Amino acid sequence: MDRDNLFGLFKESIQGQVEHHLKAEFGAQENLTFKFEIPPEPSLGHLALACFPFAKATKQAPPKIAQLLAQKIEPNRAWERVVASGPYLNFFLNPKELASLVFPQVLKPDYGCSSLGKGQKVMLEYSSPNTNKPLHLGHGRNNLLGMALSRLLETAGYQVIKANLVNDRGIHICKSMLAYQERWVYAELPLPPTPQSTGKKGDKLVGDFYVAYDKKSKEDPTVADQAAQLLRDWELGKPEVLALWRQMNDWVLKGFEVTYQRLGCEFDRFYFESKTYQSGREIVLKAFGQGLCGKEDNGAISVELDDPNQPKKILLRGDGTSMYITQDLGTTVQKFQDYAPLDRCLFVVGNEQDQHFKTLFEVLGRFGYSFGLEHISYGMITLPEGKMKSREGTVVDLDDLLDELKGMAAEEILAREMFDPQTQGPQIEFTAEAIGQGALKFLILKSGAAKEITFNPKESLSFEGATGPYLQYTHARISSLLAKAATEPAVEPKLEIGADWNEGETGLLLALAKYYEVLLASVTDRNPGALCNYLFELCRSFNKYYYDTPVLKAETRTLVEARLGLCLAVQAVLAKGLRLLGIEPLTKM
RNA sequence: GCGCUUGUAGCUCAGCUGGAUAGAGCAGUGGACUUCGAAUCCAAAGGUCGCAGGUUCAAAUCCUGCCAGGCGCACCA
């Protein structure tokens with residue numbers, strides 16, 4: 001058990017004692033299962049152990065077991081009282097002892113870091129955009145999930161390689177290229193448009209052509225053939241086609257980079273499908289040679305899947321060319337070679353590809369690769385009117401959304417008059433950006449990845465209640481309190497003080513101790529939402545406490561120092577948690 | 001049709017490795033700023049946990065069936 005995991009240690013010590021008594025009293029031999037819970041009300045205790053599971057081993061009624069254990073277990077430094085409450089055995093922590101354990105832990109710079117993934121190297125592939133249109137809110141969900149997960153994995157001790165597999169080739173790119181060649185938009189410009197000449201972000205410019213293509217293709221079905229011809233020319237390596245392709249991809253990727261930087265997304269490695277799309281063929285041919293695949297009449301290579309409901313999967317076309325799954329076979333093997341020894345590879349990809357990944361993993365296993373593979377699936381974001389469609393212009397553009405949120409935040413900031421618009425323009429900018437992003441990131445990360453999100457701009461974009469800005473506000477309030485303490489009465493926060501902690505304070509101490517386990521759960525479940533909920537609850541408890549309890553105006557100086565210490569500890573954990581989510585902990589807003 | 005997935009308060013969602021009266025936020029109602037930031041706090045109100053069976057001492061949680069939404073079912077990606 002990790003020494004930093006206070007809750008874990010508490011549980012472990014209780015478990016040991018309970019086991020001992022149950023064996024001594026009833027001769028219980030079997031493996032006893034322990035189910036710890038947090039009692040519904042603090043007045044019942046701080047930690048509860050349900051005694052139902054012991055009934056079989058002891059042949060006693062759960063309330064009886066609880067009573068007996070309550071008598072047998074000696075209170076110690078950590079446990080002030082142990083009481084039976086029906087079938088539960090409830091433990092009351094000694095707040096002073098708790099404080100003396102919690103404070104030094106919480107203020108360590110690496111509090112929350114665990115050794116769960118120590119020595120393990122994992123690749124996390126996320127984002128993986130197409131280079132024919134700008135990023136929209138759906139990509140936003142992917143990017144935010146990916147970044148949050150990579151940071152969570154890192155705090156758990158994993159070495160994380162963040163990879164982006166860019167889909168930079170194929171018919172969709174050729175559509176934009178065709179529209180560009182034919183100038184279906186920006187026809188009025190004397191020269192072919194560029195991001196410079198139009199003042200447009202590169203991804204937006206290319207996106208305009210993609211939309212133009214779609215419009216045109218509805219009027220004139222022959223353009224599809226032209227796009228297909230362009231793709232063939234690309235594969236043949238026609239210089240002028242390649243040049244245009246490079247040019248347009250370059251614009252798009254430069255545009256993406258701006259958005260990535262803005263969101264705080266980073267990558268250690270880019271893979272480009274233009275370089276990998278033919279890979280995997282050798283792997284399939286080799287497997288065929290080993291008798292692991294079948295051959296279709298026209299020469300295509302296929303496999304039967306475990307699930308009899310699934311049709312047989314083609315791995316190589318009759319003409320010998322690669323398919324989507326073929327290249328994924330190839331790139332996955334390549335990833336494990338590039339970063340050998342690699343323990344795991346996670347793919348953050350939307351749930352429309354659930355089946356694809358199931359198949360991919362199955363086939364790799366069939367071919368003898370024992371990779372640790374995991375698909376991190378997430379639901380679509382839809383609008384109240386329905387699905388987002390880039391072609392029909394019903395998308396929520398990510399850059400635009402961030403701008404809009406920033407603007408809304410700026411209005412709120414100005415209304416509060418915390419900054420002087422004349423002299424503090426840059427601070428206002430920075431803060432507005434942080435609040436806007438805080439709102440979006442928390443909104444997206446708080447709900448389970450499997451769930452679809454209906455994004456209603458009017459209702460979703462809020463800065464009140466269970467939102468990012470609420471957490472940021474809590475952090476800002478604590479910051480200004482601590483700043484005030486340092487100047488006005490000039491008090492230092494003191495830790496490990498044996499103050500007479502009240503119920504609210506004990507609750508906060510417990511919550512701080514719980515952070516460690518929350519992170520572990522977030523990592524193992526690949527669920528940043530657990531961290532979101534925890535942080536929100538922490539802030540709720542703090543805000544209530546803060547409202548009820550004077551800190552700087554507490555009765556004695558000792559009490560002022562102790563309470564300041566507690567505030568400092570809450571601030572520290574809150575800031576750490578927010579950073580993991582990619583949300584800026586603000587000191588003023 | 002088959003597979004995966006979701007269905008909890010008017011709305012958005014926690015809880016779902018079974019356990020003490022099902023929790024938040026938003027909206028609506030009432031209240032708290034001459035006290036450390038009211039982007040806050042408090043109170044009341046709001047629920048057949050999609051429906052029906054089953055397993056269990058105990059089911060929102062596990063199993064089965066049904067209903068509804070989403071996604072997928074190409075020698076597309």
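Within every chain, numbering begins at 1; the chains are lettered A, B, ... in the order of the sequence lines, protein sequences first and strands thereafter. Just so it is clear, the structure is predicted and the values come from calculations on it, not from any experiment.
If you take CZ of A:Phe536 and P of B:G23, they are 16 Å apart, rounded to a whole angstrom.
Side-chain to base pairing of A:Asn298 with B:C75: one donor and one acceptor N or O lie within less than 3.5 Å of each other. A donor and an acceptor atom never sit less than 3.5 Å apart when one is taken from the side chain of A:Asn527 and the other from the base of B:A14. For B:A24, its base never sits under 3.5 Å from the side chain of A:Arg540 at any donor and acceptor pair.
At a threshold of 4.0 angstrom between heavy atoms, the contacts of A:Ala300 include nucleobase atoms, whether or not backbone atoms are also involved. Here A:Thr321 lies out of heavy-atom contact (under 4.0 Å) with every strand. When heavy atoms are screened at a 4.0 angstrom cut-off, A:Lys446 is found touching no nucleic acid atom at all.
For A:Phe361 and A:Phe347, the ring centers sit closer than 6.0 Å to each other. A centroid separation of 6.0 Å or more is found between the aromatic rings of A:Phe272 and A:Trp245.
Taking the side chain of A:Lys544 as heavy atoms from C-beta on, and the options B:C42, B:A38, B:G69, the nearest nucleotide is B:C42. The nucleotide whose nearest atom lies closest to any side-chain atom of A:Lys451 is, among B:U8, B:A77, B:G37, B:U8. In this structure, of B:A39, B:C13, B:U6, it is B:U6 that holds the atom nearest to the side chain of A:Ala450. The side chain of A:Glu452 lies closest to B:G70 when the candidates are B:U35, B:G70, B:C57. Nearest to the side chain of A:Tyr473, among B:A39, B:A20, B:C4, sits B:A39. In this structure, of B:C75, B:A39, B:G72, it is B:G72 that holds the atom nearest to the side chain of A:Gln355.
Stacking between A:Tyr324 and B:C76 is absent: the aromatic ring centre is not both under 5.5 angstrom from the base six-membered ring centre and within 30 degrees in plane angle.
Listed pair A:Tyr470 / B:C41 meets the phosphate criterion, a side-chain N or O lying under 4.0 Å from OP1 or OP2. Close to B:C41, at under 4.0 Å from its OP1 or OP2, lies no side-chain N or O of A:Tyr547.
Place A:Ala50 and A:Ile435 on RNA chain B by their nearest nucleotides, and A:Ala50 ends up nearer the 5' end. Comparing A:Ala409 and A:Asn309 along RNA chain B, the residue whose closest nucleotide (by nearest heavy atom) sits nearer the 5' end is A:Asn309.
The minimum heavy-atom distance between A:Arg526 and A:Glu374, with the atom names listed, is NE-OE2, 2.7 Å.
Between the A:Arg416 side chain and the A:Glu412 main chain, a donor and an acceptor come within less than 3.5 Å of each other. Side-chain N or O atoms of A:Thr556 include one that pairs as donor or acceptor with a backbone N or O of A:Leu559 at under 3.5 Å.
Here, B:A24 and B:G15 have their C1' atoms 10 Å apart, quoted to the whole Å. Only the P atoms considered, B:C71 is 25 Å distant from B:C63, to the nearest whole Å.
Under a cutoff of 6.0 Å and an axis angle of 45°, A:Lys11 and A:Phe34 do not form a cation-pi pair.
Pairing partner, B:C73: B:G1, with both Watson-Crick or wobble hydrogen-bond distances short of 3.5 Å.
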